[in-house]
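A short worksheet on the structure shown next.
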Amino acid sequence: MTPFKNRLDKILDRLTSEELLSNSGLGNEIGFYIFDYPPEFEEQVRDHIQFILRQLPKKKPDLRVTHINLFDLILVYLKNRNLLDRVLDIELKKGNEALLNSLKGPLDAKKIAKEFITFAPPEDNDLVLVSGVGSAYPMLRSHNLLNNLHHLMEDTPLVMFYPGVYTGQGLRLFGKLKETNYYRAFQLVV
């Protein structure tokens, strides 16, 4: 068994632990966790998230869990606001840079955080899993979203699957991009 497979195999027990679900021992910090991984394991992580979602009801039947893929959330958000066809047309006619400029307002992290909460209301969830970070980049920066979710998530633990490096002080997407200061999460140690 590879060390990474070994880490994946420990996630389910960690997610269902009373410590994580009750935010125990966090010293008044919000229960945001980051499971960082080398981006070359993205397909394995996606498959494993699906495995986790199938196993959670068996392991903890009363656990209310929502999984949000950030890229899918962006698509739904743009479609619901009748913007998806427009932004696709901008990309086709003017290119990626024009597309990103046109998305700055609609995909502001505060707006996306509010949309996130409509799909994962904290009062209706015991745990929220987040994926699709790499696919959503550069349209949405995960640290901006997390910062805007802090006051909205209440006591509901959130686990973000992050293709890159989390040092406890900052995030480095894909392990290559410039580190972004973000220190209000805990590394999901498995």
Side-chain angles (χ1 to χ4, degrees), residues 15 20-23 26-37 39 42 45-46 49 52-53 56 63-84 86-88 90-91 99-174 177-188:
L15 293 178
L20 185 137
L21 294 172
S22 67
N23 292 319
L26 299 184
N28 293 329
E29 287 292 329
I30 192 154
F32 282 19
Y33 297 86
I34 302 210
F35 179 81
D36 61 344
Y37 58 92
E42 179 66 27
V45 170
R46 286 181 189 179
I49 291 170
I52 289 169
L53 293 170
L56 281 170
L63 189 68
R64 301 169 302 160
V65 179
T66 297
H67 169 234
I68 294 190
N69 179 296
L70 294 180
F71 185 74
D72 293 342
L73 178 71
I74 289 170
L75 291 178
V76 168
Y77 179 77
L78 292 172
K79 187 175 181 182
N80 287 345
R81 278 147 189 80
N82 297 315
L83 295 172
L84 185 58
R86 284 190 234 167
V87 297
L88 292 174
I90 289 170
E91 180 185 32
L99 169 69
L100 290 175
N101 283 334
S102 70
L103 290 174
K104 283 182 182 174
L107 296 185
D108 176 76
K110 287 181 185 176
K111 293 177 184 175
I112 298 301
K114 288 179 184 173
E115 185 77 0
F116 185 103
I117 293 300
T118 65
F119 286 96
E123 65 276 6
D124 296 339
N125 284 282
D126 301 312
L127 176 65
V128 175
L129 304 178
V130 181
S131 66
V133 172
S135 301
Y137 176 84
M139 296 176 289
L140 180 65
R141 301 295 300 262
S142 55
H143 73 281
N144 288 338
L145 177 64
L146 291 175
N147 282 331
N148 283 282
L149 284 173
H150 277 187
H151 70 283
L152 299 174
M153 287 302 293
E154 299 169 6
D155 292 330
T156 303
L158 178 147
V159 176
M160 178 176 280
F161 292 86
Y162 188 82
V165 176
Y166 179 55
T167 64
Q169 296 297 311
L171 295 162
R172 197 167 65 243
L173 190 60
F174 308 127
L177 298 179
K178 183 181 175 201
E179 187 166 357
T180 305
N181 290 336
Y182 182 78
Y183 54 88
R184 295 197 62 191
F186 299 92
Q187 199 154 29
L188 187 68

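Not measured: the values here are computed from a predicted model. Below, each value reflects all heavy atoms present in this structure, side chains not excepted, and no hydrogens, waters or symmetry copies. Residues: numbered from 1 along the sequence shown.
For the salt bridge (charged side-chain N to carboxylate O under 4.0 Å, His left out) condition, the pairs that include at least one residue of residues 111-136, sequence neighbours left out, are Arg64-Asp126, Arg81-Glu115. Every pair tested for salt bridge (charged side-chain N to carboxylate O under 4.0 Å, His left out) that includes a residue from residues 158-171 fails, sequence neighbours excluded, so the list is empty.
The nearest pair of heavy atoms linking Ala109 to Leu140 is CA-CD1, 4.4 Å. Of all non-hydrogen atoms in Gly164 and Pro39, the two that sit nearest each other are N-CD, 4.4 Å. Closest heavy-atom contact between Ser142 and Tyr162: OG-CE1, 3.4 Å. Val133 approaches Phe161 most closely through the heavy-atom pair CG2-O, 3.6 Å. Between Asn125 and Val65 the shortest heavy-atom distance is OD1-C, 3.5 Å. The two residues Pro106 and Leu83 have their closest heavy-atom pair at CB-CD1, 3.9 Å.
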Check your understanding: Taking it one step at a time, do Met160 and Tyr166 satisfy side chain to side chain contact (heavy atoms under 4.5 Å, CB included)?
Key -> CA-CA 11 Å; Met160 178 176 280; Tyr166 179 55; over 6 Å; no
Practice item. For the pair Ile34 and Leu146, evaluate side chain to side chain contact (heavy atoms under 4.5 Å, CB included) and give the outcome as yes or no after the intermediate values. Key: CA-CA 11 Å; Ile34 302 210; Leu146 291 175; 4.1 Å; yes
Exercise for review: Could you go through the side chain to side chain contact (heavy atoms under 4.5 Å, CB included) check for Leu21 and Leu63 one step at a time?
Suggested key: CA-CA 9 Å; Leu21 294 172; Leu63 189 68; 3.8 Å; yes
Exercise for review: Take Phe119 and Asp72 through the side chain to side chain contact (heavy atoms under 4.5 Å, CB included) test and state the conclusion after the steps.
Suggested key: CA-CA 11 Å; Phe119 286 96; Asp72 293 342; over 6 Å; no
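Contacts of Asn101 classified as side-chain hydrogen bond (donor to acceptor under 3.5 Å, both in side chains), with partners at least two apart in sequence or in another chain: Lys104.
Without hydrogens or angle criteria, Asp155 side chain to Asn23 main chain gives no donor-acceptor distance under 3.5 Å.
Just one residue in the list Asn148, Thr66, Leu73 forms a side-chain contact (heavy atoms from CB on, under 4.5 Å) with Phe116, and that residue is Leu73.
Distance CG/Asn69 to CG/Leu129: 11.5 Å, rounded to 0.5 Å. Rounding to the nearest 0.5 Å places CG of Leu145 at 9.0 Å from CD1 of Ile68. Expressed to the nearest 0.5 Å, how far CD1 of Ile52 lies from CG of Leu127 amounts to 9.5 Å. Distance check: Ile112 CD1 to Leu107 CG gives 5.0 Å after rounding to the nearest 0.5 Å. To the nearest 0.5 Å, atoms CD1 (Ile74) and CG (Leu103) are separated by 8.0 Å. Here the CG atom belonging to Leu78 is positioned 10.5 Å from the CZ atom belonging to Arg86, to the nearest 0.5 angstrom.
For the pair Ser131/Arg46, no side-chain contact is recorded, criterion being any heavy-atom separation below 4.5 Å from C-beta on. Counting heavy atoms from C-beta on, the side chains of Leu171 and Asp36 never come closer than 4.5 Å.
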